[in-house]
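Structure, as structure tokens:
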Amino acid sequence: MKTLFALPDFNWGVLLPFLILAFTGIFGLLVLLVNPKANSKVIRTVTISGGLVALVSQFALFGGEYRSMGDMVMKTNPGMIGEVLILISLVVVVLISKPYLERTASDSPEFYPLLCWAALGGMIMCSSDNLLCIFVGLELLSISLYVLAGLNKRSKFSQEAALKYFLLGAFATGFFLYGIAFLYGASGNLSLDGFSTAPLHSGTDNRPLFYLSFALIMVGIGFKCGLVPFHQWIPDVYSGAPTNVVAFMATGAKVGPFIALYNIIMAVPTMSAIAVPICVALSILSMVVGNVMAFSQRDVKKILAYSSMVNAGYMLIYLAGLMKGHMAGAFPFGYFLLGYVFATLGVFVILAQISGRDASPITLQSLRGLSQRSPGLAALLVIFVLSQIGIGPVAGFVAKLIFVNGLIEANQSWMAIVLLANSAFAAFYYLKILKAAYSSEEEGAAIQFENGIESKIALAVCTVGVVGSVIFYSPIYHFITAR
Amino acid sequence: MSSVPYLSILIWLPILAGLGLAFIPKLGAGIPKGLASLVALATLIVTGTITALFLTGDAGFSLQQQLNWIPNMGISYFVGVDSMAAWMMLLTAFLALIAVLISKPKERDAQFFGLLLCLEGTLFGIFSSLDLVLFYVFFELSLVPVALMILGWGSGDKGKVALRYVATLFAGSLLMLVGMAILASRANVVDGLPTFNALKLQELVDTKGLWANSWPLQALAFWGFMVAFLVKSPVVPMHRWLNDTYEDAPIGAVVAGVVLKVGTFGMFRFCLPLFPDACRVYAPVVVALGVVGILYGGILAIIQKTPGRVMGFSTISHVGFILVGLFSLNHAGMMGAAFQQFNHGIAAAAVFVLLSFLAERTPAKNLSELGGLKKSMPIFSTLFLIAMLTNLGLPFTGGFIGEFLSLVGAYMAGFTGANGLSVIWVYLAAFGAILSAGYMLYLYQRMFYGKKQETAEFKDLTLHETLIGGTFAILILVLGILPMTLLHSMEPKIDALGRPFQMTHSASGSAAPAGSGATARLVSNSSAPVGEVKLP
Amino acid sequence: MAYIGLSLFMFSTGVVGVVIRRNPIVIFMCIELMLNAVNLAFLSFARYRYATEGHSLNQAIGGPMMVIFVMAVAAAEVAVGLGIIMAIYRLKEEVDVDELNLLGG
Amino acid sequence: MKLTPELIIFAMLAGPAALAAVGVVAFGSAIRSALCLVFNFFLLAFLYFTLSMDMPGISQIVVYSGAIMVLFVFVIMLLNPKLIEERKDLKRPFGIAFGVVLFGILASQVLPVLGFEGAKPVVHQIGSPNVIGDALFSSYVFPFEVISILLLVGVVGSVFLAKRRTD
Amino acid sequence: MDWLHNLSPAIQDVLSAIGRAILAIIPIFAPVPVIIWYERRLLSWMQDRIGPNRTGNITFSRTSKMVPSFLRGKKFKLFGLAQSIADGLKLFTKEDIMPDKTDRVLFILAPLIALFVALTLGCTIPFGGDIRFTPVADVNVGMLVILAISSLGAYSTVLAGYSSNNKYSLMGGLRASAQLISYELAMGIALAAMVMNSGSLRMTDIVKSQDAPLYGVVSFIPNWNVFTPMGFISAIVFGVCMIAETNRPPFDLPEAENELVAGYHTEYSTKRWGIFMMAEYMAMFTFSMIFATVFLGGYHFPIRWDVLAPYENMYLVGVVVMLTKGAVGLTVYIWVRATFPRLRYDQLMNLGWKFLLPLAVVNLMITATWIFAAKVYGPMAAWMVGLVCYGVLFIVWAAIRHQAKKTQPQFQSRSVNMVNSPRRVLDVVPNKEVTP
């Protein structure tokens, strides 16, 4: 038997999560094709089970490093942690979507396949160090999210969010691509290894090209991560887009860019002379601006949006420390993401359960009296918000602890202090959320809850993630870093 | 001891019970309170038993339990208890029981008692954790129930108060995190493994020279810890959260009695053993802060308009005494501080409990609306008098022993000039003691004598209330007359803590960081070891 | 490398357009202009630097491949983007980017 | 810099292309901007041809000029947007200044590095459809498959967004 | 001519390219009047009427001295051939009317784009085996060039419709662009199958690949693509799309006169209108030749003469064969116009998206399978696999068709509820809102 093309090595086991996710989405479409009037129940079930199967197949991969399809697919830590997080947030978001979408009368069956593919894009970003692949994954993620942001076609908020997200996102893509172009021009290489060969290139001195390409790529990735000069979209989009979509946007969709950011920054040690100042400046800007802006917000989703910027700042400053300190930072980074994802997801799960049918932004006012009407929900909100602040035996705290420890071991105490000072400041506006939830309902808005069993499962998953990842830190660590 | 993890049970039983109560929205009237008092009683019995073990005096930690948590960073779930912690836990359990008994929340009582139990559990965690990270976790976590209780059941501008409470304390404690990380990374350098285990770290400090050649780091870490504890205590520039919290928290008793003591307890537990050099160098600074607190609190207490605020400033003043004693760094001062730490818990709580009885009768807070209570409420006024006397440090009450020992220690340190201390501070502190008599008596006079207001028609305490108040009065007198029980059981511990500071020229690694300027100053200042003071 | 000069010029022009124009469709077109500047840069780098002697085919093919992928992505992006613009035009008669201020930012 | 025929051809193509790029930004009416863009893309395709990139060049015409821009024009016509009068506000000078600065920075960094080196002879026929197709199905097959999903997203998304409400 | 050779080679290239472009335009330009006359005559013949048969009948004067003697009194019949020329003259000399409030630039630009597209569409069609017989260049992406240029055709109609400031024109332009976009896809995919079949995008390669014995067996018949199963289906798809791309009946919705007056060129008159018409006829002719190239063996004779005698060097034969095939294609165009009624808009869209596109895609997939099987297992297996695939395709299609017929909306009998009917159920369920 002859072969027609010289195909690269297929490692099907490694590709399995991708394939499962891709075909889950396609299957959803096929269901629609066969029966256009099908309600979304079948598709939702398929999506959940597809996500779970992909999760299992992803878990089977832990404990090794894999490459497949030439250098296109590369599964290492913390990319694999990121992929697991993406899948978990996918499943959780699908779990909470039904009551929310039905309430806001935007229950379109296209939602589920698009969400699947967005997750697929994020996973591809996590597991490649080829910029072409990262770009394609990024676009798969972004384009799906552009559509999802406009999911509620009756809501002007939703449509406006979609348009803003789209225009600014495409703009950032342009910068990202130009960065890749310069990297390619300087090294003839689309892979991130191109950075590591920076000054070694023979002939002319290509360093300006490398610097420029790094800066431009940071612009593009920084936009997706929500670093500060490129953050304008986040608050508006978070506030306007449907809450369940934002739940994914803030968690699963952030993971891919963050892991890509990690890979990029880990790839540029030879250029740390320029990379470190850029990273430090961006991260400090993100933290300060995020904190200051969040302080005066009354819209809960906007507060969370700014807090996501602050978290991005933490991660970036840690990466800057890593660049100076030359230490292995994969697991702490993944763990921080884990804490961030679970806590944020938890808050959004709660918000999705209490947001009203008119799809307007959720203000602090509408949280009032939560502890009176559903004390359990309020108690869980406390746990998630505490994790965001970094108090108590929750993932957020341990993650911050690891970061601080890592920074101090890298001899960058001042970075640790900057990080902590900002998280102290951040406590104020997080507490405002708790304050609203625990103050009594004097003139509070009437909120109806429609809790299905699925929402309860979603809450349980988030709680277990936030608390369990602390209690079982050691087993998790050994499971993930085992070689 | 046996393999039963008493301490873990002690920590987690209230927390889990509390969470359970918080999640169950609807229970019959009285059931939450009953459950909560059962749990609190159980913890009181257990802590009592544990404390009894330490009556004979023991410097070490018993009931240790260690579980791996984050092994690659040397973090473990490590609990254990020594004599000082045992007494503090006993105080916690006692005050928690009292708080459960006297609280009558108007709504959501299940949640209220749940949060109260959570607070109790986290306080147990603070007192018994021997791992820095675990300590930090509980330290932060203890903020949350208080804040939520203020939010849900407090009075006044509760949102602002709760925000200020959590944010101030949280900000203060973050520096402690830096300090911990510095400790761990030094341990990594010295020992090859990072660790957050307090005992291990202490061993490294004592034997392996954890701080060798790293004076700035030690100073940074020391102040990281100290800032957290000073804010918690609180000392003067960072005291603003205290008064509001006192006034608006529904459980001022527990806050006053235990929560504040976490600060000074942390100094005993961590600052003294882990940063010996820094303690010596910065002792004058801390003592000065303490004296400033004494005077500031005393003076401002006189002009306050509500009993709650008077007590708030008096607390600042008393914490000043603890600091002065503690950072005399000699036996007498530290004994005094340790005693005062326990005693003030009882004394302040007694006043607050009594004030809460009064608050049930009238919404009036202002002293100008009170007056002439002596006639209508004789039992109340008697009990209040006793509580007040211990606060002003009259002999035969607990307050006297604590303040006196602290001042003696400070005087001795100042007289010998040890650690750069000076006698002038002692004089100022003693003046503060006189001030305390002034504001306390003034308070008593305004409340119970003076112009007769409508408040004079109140009913006296019920039997239930009398029993609770009486318990406090008896405790106060017992502490004043028989202080030796407490002091004896703590003495070995204090001896062990004070040892590094009395052997300045010893060969211990901590005292000989070669070549640093700080060390040179250290050696020149601590000229002579301070002799032990026999207890009265 | 006059090609790169042209590419830079087009890219900057696109950025200016995105910043100063207020019609979303025109902004979108300016973004397309930026993408094409990128494509031009890729191709000229590939031709001038890597299609010549001393470089492997693997290096040289990267530029054209990237261009093909950018085109495909742009096509999908345009489909979705124009869909979004149409949807918002259905809700509001006039769309001016400066007046999209429902969300307050 | 020698005036070579390549340079003349380049100038003949690049000059109008740059003008058209400016036109995209400068024209007030959307449809004229779109036409300028079409013209620009068309010229770019010929620039690609001069770089001996046949396949990308022709794809440029098929994809950009033929498909994407037709869609643009179609949508502009369908919506027939009122001419949003471009206010002379602060955004305009600021934006232009920003663009000039950006161009200055990029050009000052990049152009000196590259210089005006002449074209060396082509060794790899990377512009030919055979080579591109081969690469697409061998080492780039993974992103190629991902792109297929991406296009599916484009289809589903645009259909979803553009279809009218069913109520 | 020395100066020409002294120029640098690049400029020589440019000059020769310009020259070839001119040479390419004339053969496409020149036949337009003839094509128009042909259409009108053929149509009228099919519709059993006469058509233009007078114009150009010349009777020379018997007496004039100006006329050469051998022509005096002679009658010449041109069968109306001059009609088109007369029309053209009229159009180019009429008053040029441009409506008020048009977008002038675009209004003028639109017909020019149409002309440009029509002229350059054929630039890669080979008229013979040699490279000189391709009008501009026999590039290695020739097939894509055709697709690229034809896709530009949409602009002319769209811009014409938009710039006319006329409701009907706008509708016509919109319809035209939607139609062109829809059918371009199917057309491209149908061509892609053929490209896969011949393994090259170069037009001459595609023609050469059709010069084999039919099915490898019948030696004297060439293996034209249209004779193979996949080629046949592609040819059907391409043929339909080709008609739609040129806006010819039955796909002339953009200019449907009973709905839109004259669609996108309602406001056009005189030479601009003439240019539109010319472009249309040129495009028809060129598309016919493209069809011939891809499916009908291009410049090859329908019988493999080389079995009898080699004709490789008889290039002119190729040109004649090409033009003839083009004429045949034109005839089919006109025949279709005379036969089919115009489609409704939804029928148009359904045909494009729900029939042609899936068919083309499935055909592409089967072609790929076929080629794979042929390369790996040999031609016999490929035939079997391919035919099985087509059989399955047909069965599936029939089943879907059957199903669709069954589920077609039917008039349902309305049930009438009695006023006091006992079984009247209110199925209004109040919205449930769970409040905890």
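Chain letters run A, B, ... following the sequence lines, proteins first, then strands; residues in each count from 1.
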Per-residue contact mode, L40(C) against chain A (heavy atom under 4.5 angstrom): neither

Verify, without hydrogens or angle tests, whether S187(A) (side chain) and L183(A) (backbone) share a donor-acceptor contact under 3.5 angstrom. yes

Please determine, among G14(C), G62(C), A41(C), the option with the most heavy-atom pairs under 4.5 Å with chain A. G62(C)

Highest number of heavy-atom pairs under 4.5 Å with chain C among L131(A), I180(A), T173(A) belongs to I180(A)

E139(A) side chain to V73(C) backbone, donor-acceptor under 3.5 Å: no

Of the backbone (N, CA, C, O) and the side chain (C-beta and beyond), which part of Y178(A) lies under 4.5 Å from a heavy atom of chain C, both, or neither? both

In Å, rounded to the nearest 0.5 Å, how long is the span from CG of L120(A) to CG of L115(A)? 11.5 Å

Within the distance-only criterion (no hydrogens, no angle test), does the side chain of R49(C) pair as donor or acceptor with the backbone N or O of G185(A) below 3.5 angstrom? yes

Interchain contact, A46(C) with chain A, by part (heavy-atom threshold 4.5 Å): both

Distance only, no hydrogens: is a donor on one side chain within 3.5 Å (strictly under) of an acceptor on the other, for S191(A) and N130(A)? no

So what's closer than 4.5 Å to chain C heavy atoms on F175(A): side chain, backbone, both or neither? both

Scan side-chain atoms only and decide if D236(A) and Y165(A) contain a donor-acceptor pair under the 3.5 Å cut-off. no

Heavy-atom contact with chain C under 4.5 Å, split by part of I143(A): both

L140(A), part contacting chain C, at a heavy-atom distance under 4.5 Å: neither

Is it the case that the ring center of F69(C) lies less than 6.0 angstrom away from the ring center of F135(A)? no

Heavy-atom distances under 4.5 Å only: say whether F11(C) touches chain A with side chain, backbone, both or neither. side chain

With a 4.5 angstrom heavy-atom cut-off, which part of S7(C) approaches chain A: side chain, backbone, both or neither? both

Give, as side chain, backbone, both or neither, the part of V18(C) having an atom under 4.5 angstrom from any heavy atom of chain A. side chain

Decide ring-ring contact (aromatic ring centres under 6.0 Å, His included) for F166(A) and Y146(A); before the verdict, give the C-alpha distance in whole Å, the side-chain angles of both, and the deciding distance to 0.1 Å. CA-CA 6 Å; F166(A) 168 71; Y146(A) 300 151; 5.1 Å; yes

